[in-house]
Number of protein chains: 2
Amino acid sequence: MSATIRDVARLAGVSKATASRALSGSGAVSPGTSERVVAAAAEIGYVRSPNAASLVTGRTMSIGVLTPHHDRWFSGAVIEGAERVLLSHDYDMTLYTTRPDTADRERIFTFFLPRSRFDGVLAVATEPSPDEVARLAGLGIPLVAVGGEMPGVAAYGLDDRAIAETATRHLIGLGHTRIAHLGGLLREPYEFSVHRHRREGYLTALAAAGLQGNARLSATEMTIPSGFQAATALLSAPDRPSAIFAASDELAIGAIIAARRLDIAIPGQLSVIGIDGHSQAEMFGLSTVEQYPREQGSDAAHALLGMIGGDRAPAPGYRVARTRLVLRASTGFAPLGDA
Amino acid sequence: MSATIRDVARLAGVSKATASRALSGSGAVSPGTSERVVAAAAEIGYVRSPNAASLVTGRTMSIGVLTPHHDRWFSGAVIEGAERVLLSHDYDMTLYTTRPDTADRERIFTFFLPRSRFDGVLAVATEPSPDEVARLAGLGIPLVAVGGEMPGVAAYGLDDRAIAETATRHLIGLGHTRIAHLGGLLREPYEFSVHRHRREGYLTALAAAGLQGNARLSATEMTIPSGFQAATALLSAPDRPSAIFAASDELAIGAIIAARRLDIAIPGQLSVIGIDGHSQAEMFGLSTVEQYPREQGSDAAHALLGMIGGDRAPAPGYRVARTRLVLRASTGFAPLGDA
DNA sequence: CTGAAAGCGCTAACAT
DNA sequence: ATGTTAGCGCTTTCAG
């Protein structure tokens with residue numbers, strides 16, 4: 001089919017070995033020879049087959065990427081950030097959707113990942129069971145997680161407890177006392193720590209202000225429509241909250257839409273704050289704790305590449321990514337009295 | 001590192017060839033032997049290396065997927081639909097983000113795709129230049145497009161002109177005369193036909209009703225915030241339209257949010273209709289022409305697999321995917337007189 | 001600095 | 001039905 005290194009060698013009048021050396025820039029090749037080889041390769045449009053090369057080098061030049069949903073704002077941005085870095089190092093990404101409790105997910109861990117196709121694995125917002133963690137480890141290749149802790153694994157994510165506290169405290173500082181928390185689902189028995197930590201931060205802040213008795217928790221899928229539904233329920237109750245701390249901007253945006261539908265003025269009658277810095281946050285005037293998933297993705301990719309390259313493996317651990325509190329109209333004013 | 005077919009053969013007491021045959025189910029192997037081989041493989045957790053196999057079979061068991069943005073509703077759904085089918089056939093997907101006019105995009109076509117890693121390519125909502133089309137063809141592997149036509153290529157998509165006409169006609173039937181079109185960007189000189197066709201359908205419907213003089217066109221990125229901005233401009237003008245036909249639900253949703261912000265009642269003072277059946281369409285009460293990208297993705301994957309399998313290559317051509325007009329609150333009422 | 005030879009893991013003739 | 005041999009495209013000893 002396409003040109004092989006044999007063709008290049010023949011055209012350049014050298015042996016396969018020399019052609020290989022010239023093309024990879026590794027061994028010692030005389031400048032003239034090297035030039036001829038490179039020219040020959042360009043002429044016939046030769047591109048090295050990494051599959052064949054991997055057989056002898058052990059390097060596949062590919063990364064396996066795991067995510068429960070690649071079309072969500074967070075995962076999409078992480079993947080995008082990782083892709084830029086990887087492509088520039090001649091790596092590409094094979095994507096697997098690890099939706100919980102599916103047959104496909106099972107096969108991804110037992111069949112696709114062990115096919116020896118990858119030099120590393122990037123887990124994005126994935127909540128692996130202990131069994132899955134063991135399988136991942138059994139692969140014997142570097143693993144980096146983004147979007148939450150993973151036991152014994154290098155991970156990039158937020159200090160979720162702290163930022164949840166910050167966000168909740170901001171609401172408290174505005175004078176709110178009836179603050180509800182719109183959180184993510186806590187999948188038992190194995191779950192990514194993110195949702196739990198954000199809820200804990202919320203509770204801590206409440207307790208610090210002597211408001212623990214007012215805690216009001218709602219948990220749902222991390223999507224705008226789910227947030228809309230959950231918030232509608234929350235806001236339809238007679239003793240509705242005057243503020244909502246949402247665990248993600250998607251949930252917060254759903255809450256804003258719900259409030260409008262119910263004719264509840266923001267921020268007059270309801271303050272809302274989220275976490276993320278979603279692409280729609282500004283449009284909705286949403287106050288939020290911004291994070292930068294594209295950056296997290298590229299950091300993770302660099303880490304992975306480093307580990308593959310044999311750099312002293314960065315001690316597995318949790319790297320806290322930067323965030324920034326951004327205040328907008330959704331928390332623009334103190335609530336109107338106690339109504 | 002991991003177990004090879006040699007290990008399996010040794011453990012089962014057969015030759016590599018027999019082990020290979022037993023595992024692949026191709027050649028003739030006695031039931032007893034086959035069983036022993038399979039058991040041995042299971043015992044040591046053997047998984048065939050497709051990279052090594054591809055060297056001799058020519059099959060890589062992988063598909064290259066091209067999309068300008070994998071995190072948008074449409075692409076996300078297409079990819080999801082394709083993934084399910086592919087995984088069930090032992091295929092996985094390597095994803096490349098082909099954002100127009102980037103260096104990465106160039107390298108994807110010139111370096112990554114020709115690495116002989118794929119048995120086929122799936123192009124999702126991709127607008128390839130003639131040069132890129134040529135490179136794709138030069139790969140010598142099956143190619144299927146989803147989300148628009150591609151010259152000389154098997155493609156799955158909508159009858160964009162027809163559904164745009166349908167949507168516009170629905171607005172006209174409601175009594176509207178000042179109908180604006182919120183469309184996608186027309187990238188010159190090469191573009192996917194989608195946006196142009198939808199605009200043409202809109203113009204055709206207008207003309208059929210003698211309304212061609214009232215055409216009002218606005219083109220922008222296919223995102224909610226872009227739709228919000230464009231609609232805000234459209235609706236702030238003194239002679240604002242009484243109806244909007246948006247080329248996508250994302251744009252339509254942006255328009256709905258803009259209208260609320262401007263205190264323009266829907267559907268009292270403004271009717272809105274979109275195209276897609278976006279996951280947020282119902283929440284926003286958006287009338288739309290639903291399409292089913294997950295289905296399109298799985299159809300495309302089946303087609304690809306068929307072409308790879310050597311089925312009589314389905315004549316390259318355009319396959320029209322099903323749609324359904326879904327009416328909701330956003331076009332619930334006729335406009336209030338002519339105001 | 002360069003070439004010849006071996007071999008990565010696997011399958012496809014070709015024998016038997 | 002099974003084993004032997006060759007070889008896919010590539011890199012890496014090992015000689016020279």
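Throughout, protein chains are lettered first and strands after them, A, B, ... in sequence-line order, and every chain is numbered starting at 1. Any value given below was found using the heavy atoms of this structure, including those in side chains, with hydrogens, waters and symmetry copies removed.
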### Query
Using the ring of each side chain (for Trp, its six-membered ring), is A:Tyr96 parallel, tilted or perpendicular to A:Phe118, with breaks at 30° and 60°?
perpendicular

### Task
Evaluate the side-chain proximity of B:Glu149 to B:Ser193: yes if any heavy-atom separation is below 4.5 Å, no if none is.
yes

### Query
Can you tell me if the side-chain N/O atoms of B:Ser54 get under 4.0 Å from OP1 or OP2 in C:dC10?
no

#### Entry: Under 4.0 angstrom between A:Ser20 side-chain N/O and D:dT12 OP1 or OP2
no

### Query
Within 45° of the ring axis of B:Phe74 and under 6.0 Å from its six-membered ring centre, is that where the NZ or CZ of B:Arg72 lies?
no

### Query
Reckon A:Ser15 has a side-chain N or O less than 4.0 Å from the OP1 or OP2 of C:dG3?
yes

### Message
Tell me whether the side-chain N/O atoms of B:Arg59 come closer than 4.0 Å to OP1 or OP2 in C:dT11.
### Response
no

### Query
Which of the following nucleotides, C:dC10, D:dT11, D:dT12, is nearest to the side chain of A:Ala17?
D:dT12

### Query
Below 4.5 Å, heavy atoms only, C-beta onward: do A:Val121 and A:Leu139 meet side chain to side chain?
yes

#### Entry: Whole-Å gap separating C1' (C:dA4) and CD1 (A:Ile5)
15 Å

### Message
Return whichever of B:Ala19 or B:Ala53 has its heavy-atom-nearest nucleotide of DNA chain D closer to the 5' end.
### Response
B:Ala19

### Message
Counting only side-chain nitrogens and oxygens, does A:Thr18 get under 4.0 Å of the OP1 or OP2 atom of C:dG3?
### Response
yes

### Query
Would you say a side-chain N or O of A:Arg6 is under 4.0 Å from OP1 or OP2 of D:dC8?
no

### Query
So, is B:Thr33 near the phosphate of D:dT2, with a side-chain N or O under 4.0 Å from OP1 or OP2?
yes

### Query
Roughly how many Å is it from CZ in B:Arg21 to C1' in D:dT4, rounded to a whole number?
10 Å

